[in-house]
Structures are given as structure tokens and as C-alpha cells.
A.B. asks: 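The structure follows.
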Amino acid sequence: MPDNYDDPRGGLATPRPGQEHFVAEVDEGGLGAVDAVKSDSAPSSFWRDAWREMRGRWLFWVSAAIILLVVLVAAFPGWFTSLDPRLDCELTESLGGPEPGHPFGFDKQGCDIYTRTIYGARASVLVGIMSTTMVVLVGAVMGSIAGYYGKWFDTILSRVTDIFFAIPLVLAAIVIMSVTPNRTAFIVALVLALFGWPQIARITRGTVMSVKNNEFVTAARSLGMSRGRILRRHVLPNASAPIIVYATVALGQFIVAEASLSFLGIGLPPSVVSWGGDINQYQQAIRTAPEIILYPAGGLALTVLGFMMMGDVVRDALDPKARKR
Amino acid sequence: MTTQFPVTNAGTGDDGLAPVDPSKPLLEIKDLEISFTTAVGTVNAVRGANITVYPGQSVAIVGESGSGKSTTAAAIIDLLPGTGKVTGGSIVFDGRELVGAPAAENEALRGREIGMVPQDPMSNLNPVWRIGTQVTEALKANGFKGSKAELNERIAAVLNEAGLPDAERRAKQYPHEFSGGMRQRALIGIGLASRPKLLIADEPTSALDVTVQRQILDHLGTMTQDLGTAVLFITHDLGLAAERAEHLVVMFKGRVVESGPAQQILADPQHPYTKRLVAAAPSLASRRIQVAHEGGQAPTELVHRAEGGQTGDVVVARNLTKVFDIRGSLFGGSTEFKAVDDVSFRLGRGKTLALVGESGSGKSTAANMVLGLLEPTSGAVEFDGVDIAGLSPQEAFRFRRRIQPVFQNPYGSLDPMFSIFRSIEEPLELHREGSRKQREKRVRELLDMVSLPASAMRRFPNELSGGQRQRIAIARALALNPEVVVLDEAVSALDVLVQAQILELLGKLQDELGLSYLFITHDLAVVRQIADDVVVMQTGKVVEQATTDEVFDNPQQQYTRDLLAAIPGAGLEGVELAG
């Protein structure tokens with residue numbers, strides 16, 4: 001071993017082969033300024049990035065199309081059928097098969113199934129949207145107060161949500177609905193929301209707690225900003241992504257819950273056309289005309305699928321960590 | 001204990017003499033090309049890199065984040081993340097070509113012949129397993145076959161070597177019972193357990209305190225020397241690299257821009273990038289004049305103008321103490337923890353006071369009390385002669401605009417939902433400064449002050465680099481014309497060049513605006529560049545307090561001396577540096 005290999009601290013008279021002093025040529029572009037701002041790309045924000053991510057996925061467009069269709073049907077059933085779901089019924093047509101102008105055939109009462117399926121959308125969408133709105137309002141307010149201010153309110157809220165978690169949503173709704181005399185879409189939504197809000201309160205509480213530890217919150221505090229204003233301006237917007245994701249999924253769940261209640265006969269009264277009620281009605285004819293139950297059930301499935309898929313797409317766009325690879 | 005360690009790699013005894021030909025390279029990387037496929041196309045992460053490592057030698061790859069240094073290391077052990085692929089060149093290890101070799105063959109190399117010490121000791125040990133189990137796993141994966149007794153003996157030996165005395169008891173402990181330094185020791189032990197010929201240490205100590213860093217590196221040095229293991233350091237710290245390696249490889253934007261003997265590169269850098277790096281490295285330039293005093297004028301003179309002749313101390317902390325209750329056992333008992341213990345200091349107007357300490361020294365807690373974000377358990381903070389604890393809400397609101405913070409984490413200190421314009425405008429809006437038009441003018445002015453183009457206004461934080469975000473945070477802090485800026489580790493997370501740039505900016509702003517800085521840091525090297533006075537803290541107490549020159553030239557306390565000695569590159573005093 002030559003002597004000069006012994007010194008571990010450099011100081012070599014001659015570097016070993018392959019370790020001679022090497023200097024690269026300066027790159028064509030030069031070094032560039034240290035840490036220059038890239039100005040060639042378009043400005044982007046969290047929401048803009050999320051939108052870019054979403055619009056590149058076919059699932060988004062499919063679910064958006066389904067949701068748009070369902071909402072249009074619910075809002076303007078008259079655009080899709082000229083018949084009335086309850087009045088234009090001929091008992092002579094009872095359980096009659098499809099014929100021109102009546103693509104799905106007739107139910108036991110001789111009513112047009114296509115028309116009833118169209119009109120059934122309104123109850124589902126209405127209950128879904130109303131209960132989701134209530135759940136988000138109550139849950140987000142409760143959750144953010146508990147997560148942001150903490151202390152006794154947090155303790156109480158946590159225990160209350162624990163209790164609510166122990167009660168299955170549909171079971172609780174059955175009990176309440178069975179003693180409710182005046183059953184309207186609003187009442188059904190209210191009952192569902194009553195037992196649905198703790199979930200979203202929990203989610204909000206968790207995200208608010210993690211967001212409030214960020215340094216931009218401390219920076220806002222040291223500007224002298226009030227706590228309420230920090231919560232509204234900085235914490236909630238940054239905590240909104242999981243709330244939006246959950247709300248989209250919850251909408252589908254509430255629609256299913258409403259249908260379950262109506263199917264059991266304790267949701268919307270029979271005077272209101274609803275998919276759940278119709279499924280219940282048509283199952284009585286399942287031996288003679290098994291196919292007719294598929295129309296309201298299909299409408300229900302399509303609607304829930306639409307919202308659930310949208311929930312998936314929104315989650316992937318808003319929470320890149322959860323994105324499947 | 002003659003052949004007690006049945007190491008599979010026959011010939012590499014534990015007597016430390018590697019039987020490899022020392023004149024033949026152990027690792028030879030030639031024209032290495034690595035690219036990643038991303039949504040925007042192919043990114044060439046490494047372009048034509050050449051690196052040679054001889055047996056038993058220590059080599060360091062130096063570069064900033066994104067330079068391709070870690071990617072190169074990952075390619076050696078065939079663990080490129082994500083879509084990364086070697087697209088050209090060759091990696092020859094001990095006479096074998098690794099590029100294109102079957103995965104099983106490369107797998108067999110890992111651990112047995114090429115060991116790895118990862119960057120973050122906190123996340124690289126599995127928290128649910130005992131340390132001993134994790135050592136066993138490493139040994140078994142690398143072909144250890146022996147009886148239970150032999151295994152236990154081997155585990156104890158591994159931990160002992162790694163500098164963890166009382167190894168038998170240590171092996172039964174869980175990672176959370178270890179400090180960061182102990183975990184890194186365990187990981188080094190695991191990395192060297194199978195007597196590899198090459199150890200890749202990827203930023204092995206950047207997550208640790210400086211004094212711990214020094215111990216770990218010293219230990220790693222002696223251990224690898226005893227075993228004859230070659231070490232490939234991956235680091236962003238030029239001082240550390242020069243101190244620990246004989247051969248340096250400087251990487252920039254995926255290319256090796258300069259390589260050669262460490263001393264030669266430091267003393268006489270040739271490539272413009274290396275020159276820049278050497279000039280900016282605070283640890284190496286620690287004998288430079290303070291930035292604030294450059295230009296030959298003491299900042300106080302300028303302050304006289306700015307503040308109408310006001311001098312004296314703008315912030316006075318008197319006997320500050322902060323006690324936290326720590327939730328104790330299951331039964332709700334709590335113990336007291338004194339984070340800050342009787343700390344007093346004075347920040348002169350237009351001056352910079354550095355609070356220096358390692359993690360857990362209470363420096364940030366003290367800063368938060370100065371900012372009025374935490375209430376002291378006892379003691380007081382006086383701002384401009386007024387105790388801030390006694391302020392009415394309105395007075396407190398007015399006090400806020402006179403003292404503003406800049407935090408460490410450039411990723412957490414700006415609201416990601418706010419555009420840069422809104423972020424900087426927010427303080428003005430909150431304190432009802434001017435009309436919307438005037439505010440916009442002020443935002444432009446501030447951006448100009450921190451040397452960012454006005455076009456940055458429309459951008460969002462995620463589009464900016466760490467250094468740029470830190471500039472925005474500074475602009476935001478300056479929006480209300482504060483007198484004091486609290487810089488809490490404000491440059492610690494930045495690459496060296498960017499760090500130097502921000503320090504220069506801070507110095508310039510201090511000169512222009514007569515600002516006073518309370519500079520919280522763990523990095524003494526930076527202190528020399530910016531501070532007038534230094535307060536050294538350890539476990540909540542003030543250890544030493546003096547002017548910067550005194551602390552550096554004539555430290556009174558052992559702890560301060562330890563801190564100074566631990567600065568990477570501090571031992572290189574003798575080397576003539578190129579400016």
C-alpha cells in the first residue's frame with residue numbers, strides 16, 4: 001500500500017485513479033439565480049388543482065352526468081313525463097306490460113311505472129340534500145367549536161357523539177318515525193340528521209385540531225386576530241376538504257336510509273311517491289310481475305351510485321394521500 | 001470468542017482488515033442516468049454522474065435538496081422510489097455490475113455488503129418491536145444462522161459497538177424509550193451488523209442536535225475505520241462533508257459539477273456552483289464579519305435616524321419562567337415541567353439577539369412569551385418599557401403590530417388557501433391600514449423589499465420554494481412596520497445558498513428599517529453571521545450570555561464550548577478558504 005493512502009484526512013499527494021479533481025463544464029443555462037421564482041406556469045391554488053385532477057377522470061364526468069340527470073328529474077319531473085303518477089291510473093291496466101308511451105308498464109293500481117319512477121326521485125333527492133345540509137351545518141359547527149376551543153365543550157361533545165355512535169342510524173330513525181304523526185320529507189330529513197350529525201362533528205373536530213396547530217394560525221394570533229375570525233378565515237377553509245368528502249358520501253347514505261324507512265312504511269306516507277314506498281308496494285307483486293320492482297330500485301341504485309362515485313372522485317382530488325396508485 | 005460471528009461474507013473478518021485489494025475501487029459509478037416519469041413528462045434526476053469509492057474510504061456527496069444525491073444513493077441499492085429508473089450508465093460494486101442485475105441478486109447485496117443508515121431515526125425503527133428484535137431481523141435477513149445464545153451474544157455485540165452500553169437491557173427496550181441519538185446509534189449498529197463493505201449514510205444526523213450529531217459522527221468514523229468499511233455520506237452540509245470525508249462529490253441539478261480531494265475543493269473550488277456553496281456555507285465562513293455590520297456602519301447610527309434618536313432596549317425579559325403541567329399517570333396525576341427557568345435578557349433597539357440552544361432548551365417557549373402568545377408563569381416581558389401582561393385588549397392589539405414573528409417551517413407558516421397577495425395583505429386589512437388600493441401598493445412594495453417579483457402576488461404557497469415562502473413570511477411580518485421581528489429558526493429548514501440569501505436579506509432590512517431581531521436558533525454558525533449578542537440556553541436555563549464575539553472567541557462555559565466544537569467544519573480552521 002503506497003504511503004499516501006494512509007492519511008485518512010485527505011492530504012493526498014496524488015488522488016487515486018477515478019478520484020482526480022474533476023470540474024464539470026458549466027451547464028448551458030448557467031447556474032441561474034439562486035431560488036428564482038418560476039413565472040412560466042399558471043397560478044394555481046388548492047381548489048384549482050383539485051378541479052384539474054377531477055376533470056381528468058372519466059368517473060367524475062359519469063357521476064356528474066348521473067347527478068345532473070337525477071337532480072333535473074327531481075326538480076322538473078314534468079319535463080320527463082306528461083302523466084300524473086297518482087291520478088292517471090287505469091285499473092284495467094293493472095300489472096300490464098310495457099306498451100308505447102308506457103315503457104316500464106303498469107303497477108297493480110294501473111299507474112304508469114315510468115311516471116312513478118320519475119316522480120319518486122324528488123323525495124329521495126330532497127331528503128338526501130336536506131338531511132346532508134342539516135348534518136353538515138350542525139356537525140361542522142359543533143365539531144369546530146369542540147376542536148378549536150376544546151375544554152369542557154369538547155369533553156361533552158365527545159361523550160355525546162360516543163353515545164350516538166352506539167345507536168344504529170336506521171334503527172333509531174325507525175323508533176322516532178313510528179311515533180311521529182306528521183311524516184313529511186322535512187321531518188324524515190330532520191330525524192335522519194338528528195342521528196347523522198355526530199359522524200361529521202367527529203371528522204370536523206379532528207381536522208380542526210390538526211389545522212389549528214399550524215404556524216399560520218400562530219402567525220394570525222400574533223397579528224392580534226380574534227379567535228373566532230381565525231377559526232372562520234384560516235382554520236375552517238383548511239379543514240373543509242374532509243367535510244366535503246364526507247358530505248358527498250353521506251348524501252348517498254341518507255337517500256338509502258330514506259328509502260329504507262319508506263319501504264318499511266314509516267318513512268314518507270303513501271300519498272307521496274317515493275322509491276322506497278314503491279319498492280315496498282311492488283314487492284307484493286313479485287311472484288306475478290317480478291320485473292317491475294327493478295324500476296324504482298334501479299332509480300335508487302343509480303342515484304346512490306352517482307353520489308358515492310362523486311364522493312370517491314372528490315376524495316381523491318382533495319386528499320391526494322388517499323389516492324390509489 | 002474466535003469465530004463467534006458467522007458472517008456470511010467470508011473473508012470480512014471482524015478484526016477490521018478488509019481483505020479487498022485497496023487499490024481497486026469498491027464502488028464505481030460511471031455516467032449514471034436516472035429518470036422519473038411524472039404527469040408532466042420525464043424528469044432526469046441524475047445526469048451522467050461519476051463517483052468512485054475505494055475500500056475503507058469515506059466519500060461524501062454534497063448537494064442541496066433536489067440535486068439528485070439521495071437518488072444516486074438509492075440507485076446503488078436498487079431502491080429507487082416510485083417511477084425512478086436507471087436509464088443509462090453503470091454501477092460496479094466489488095467487480096459486479098449492479099445495473100440490470102436480477103432483483104434477487106441486488107437484494108442479497110443490501111445489508112450484507114452495502115449497509116444503510118437512514119436519515120430520520122424517528123421513523124426508521126418500527127415502534128411496536130423491541131430494539132433487539134429489529135437487530136435480529138436485520139441479522140437473519142442477511143443470513144445469520146446460529147443458536148439462540150449466539151444470536152443474543154451477537155445482538156449485544158452489535159449494540160455495544162454502536163455505543164449503546166448495557167446492551168442486554170437496551171435490546172429489550174422499545175424505540176420510544178430511546179432518544180433520537182440512541183436510535184440513530186441503534187440504526188448504525190443495524191447498518192453495520194453484517195459487516196458490509198460499504199455503508200451509505202443518507203443525512204445520518206440532520207435530524208439530531210449538534211452535540212449529538214458530533215458524537216454520532218465521531219463514533220461512526222471510528223467504527224467504520226476499525227471495520228475497514230467504506231462510507232458514502234449523503235449530506236447538504238459542506239462543513240460536515242469536508243470534515244468527515246477525504247473525497248468530495250458536489251452535485252447540482254442532477255450533475256456532478258465538481259469532485260476531488262476534500263481539502264482541495266474547499267480551498268480552491270473551481271466550478272461556479274462550488275464556489276457559491278463554499279462562500280455561502282455558514283459553518284466554514286464563521287469568521288466573517290456580521291452581515292448587519294457590513295458596509296462599515298453600525299446599525300445603531302441608522303436607527304437614530306429611523307427612530308428619532310430613541311435607543312436603549314426595546315425588549316426586556318425579566319426572570320421569565322414557564323411551567324407546563326404534563327399529564328402523568330392513568331389516574332390523572334400531573335407533573336410539572338419547567339420549560340423556561342428564570343430567563344432574563346435584553347434586546348437592544350436595532351440589534352440582533354440570538355437565543356441559542358438545542359431541542360428542549362426552552363428557546364421557542366421564551367420567544368412565544370415575548371410575542372405575548374404564552375403567558376409567563378412568573379416574570380415579565382417589557383416592550384419599550386411597558387409590561388405586556390398589563391395591557392388592555394386595545395393596547396394589546398396595538399402592541400401586536402410592533403412585534404411580528406417568522407417561523408421555521410416554510411410549509412406551515414403560510415395559509416395554503418390564501419394567495420400570496422391575501423397573505424401579505426391580511427395584516428394590513430386586520431389593522432385597517434389604508435384603502436384597498438393603498439394596501440395593494442404596500443404589498444408590491446413589500447414584495448420588492450424581499451426581492452420577489454410583483455407577479456408572485458397571484459401565486460399560492462404550494463407553488464413557491466421553501467426560501468421563497470420564507471421571504472413571503474418576512475414580507476408579511478414587515479407589513480405593519482414592526483420594530484421587533486422574532487425569527488424562530490427562520491432559516492433552519494433552508495438549503496445553504498438560500499439560507500445565506502435570506503440572512504443577507506435580513507441584514508439589509510435591519511439596516512434599512514432599523515429592525516431589532518430576536519433570533520432563535522440551534523445553529524451557532526448562523527449566529528456569528530447575524531447576531532450582536534448571544535444567549536445560550538440549556539434545559540430552560542441561561543448558560544451563558546455575552547456579545548457574539550465574546551461567546552465565539554472566549555466561551556466561558558463547557559456547554560458553549562461543546563456547542564462551538566460541534567459545528568461541522570469547526571475543526572477545519574487551518575484550511576485557507578476561498579472567499
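A note on names: the letters A, B, ... follow the listed sequences, proteins ahead of strands, and every chain is numbered from 1.
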A.B. asks: Could you tell me which portion of B/Q404 (side chain, backbone, both or neither) has an atom closer than 4.5 angstrom to a non-hydrogen atom of chain A?
C.D. replies: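 Just the side chain, heavy atoms under 4.5 Å.
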A.B. asks: Tell me, for B/R402 versus chain A, whether the close heavy atoms (under 4.5 Å) come from the side chain, the backbone, both or neither.
C.D. replies: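 Neither part.
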A.B. asks: Can you tell which part of B/F399 gets under 4.5 Å to a heavy atom of chain A, answering side chain, backbone, both or neither?
C.D. replies: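 B/F399 has no heavy atom closer than 4.5 Å to chain A.
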A.B. asks: So, taking the atom named CG in B/L430 and the one named OG in A/S226, what distance separates them when rounded to the nearest 0.5 Å?
C.D. replies: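 The OG atom of A/S226 is 8.0 Å from CG of B/L430, to the nearest 0.5 Å.
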A.B. asks: Would you say the side chain of A/F216 lies within less than 4.5 Å of the side chain of B/S423, judging by non-hydrogen atoms?
C.D. replies: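 Side-chain contact under 4.5 Å: no.
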A.B. asks: Against chain A, label B/L373 side chain, backbone, both or neither, depending on which of its atoms sit under 4.5 Å from a heavy atom there.
C.D. replies: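 Both the backbone and the side chain of B/L373 come within 4.5 Å of chain A.
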A.B. asks: Looking only at heavy atoms, which two atoms of A/L223 and B/P427 are closest? And how far apart?
C.D. replies: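 Smallest heavy-atom distance, with atoms named: CD2-CB, 3.4 Å.
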A.B. asks: Can you tell which of B/R398, B/R401, B/E429 has the highest number of heavy-atom pairs within less than 4.5 Å of chain A?
C.D. replies: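 The residue among B/R398, B/R401, B/E429 with the greatest pair count is B/E429.
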A.B. asks: So B/M417 and A/H234, do their side chains get closer than 4.5 Å, heavy atoms only?
C.D. replies: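 They are not in side-chain contact.
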A.B. asks: Below 4.5 Å, heavy-atom pairs only: which of B/G260, B/G56, B/G412, B/S259 has the largest tally toward chain A?
C.D. replies: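 If we count pairs closer than 4.5 Å to chain A, B/S259 comes out on top.
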A.B. asks: Kindly give the heavy-atom pair with the smallest separation between A/N238 and B/P416, and that separation in Å.
C.D. replies: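 The pair with the smallest heavy-atom distance is OD1-CG, 3.2 Å.
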A.B. asks: Please check if any side-chain donor atom of B/Q57 sits under 3.5 Å from a side-chain acceptor atom of A/Q19, or the reverse.
C.D. replies: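 Side chains of B/Q57 and A/Q19: pair found under 3.5 Å.
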A.B. asks: Report the distance from atom CZ of A/R221 to atom CZ of B/R400, rounding to the nearest 0.5 Å.
C.D. replies: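 It comes to 7.0 Å.
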A.B. asks: Side chain, backbone, both or neither: which part of B/L480 has an atom under 4.5 Å from a heavy atom of chain A?
C.D. replies: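 Contact with chain A involves the side chain of B/L480 alone.
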A.B. asks: Examine whether an atom of A/R229 lies under 4.5 Å from a heavy atom of chain B, and if so say whether it belongs to the side chain, the backbone or both; otherwise answer neither.
C.D. replies: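 Only the side chain of A/R229 comes within 4.5 Å of chain B.
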A.B. asks: Given that the side chain runs from C-beta out, which part of B/V59 has a heavy atom under 4.5 Å from chain A: side chain, backbone, both or neither?
C.D. replies: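 Only the side chain of B/V59 comes within 4.5 Å of chain A.
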A.B. asks: Any heavy-atom pair between the side chains of A/F22 and B/N50 that's under 4.5 Å?
C.D. replies: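 With C-beta onward as the side chain, the pair stays apart.
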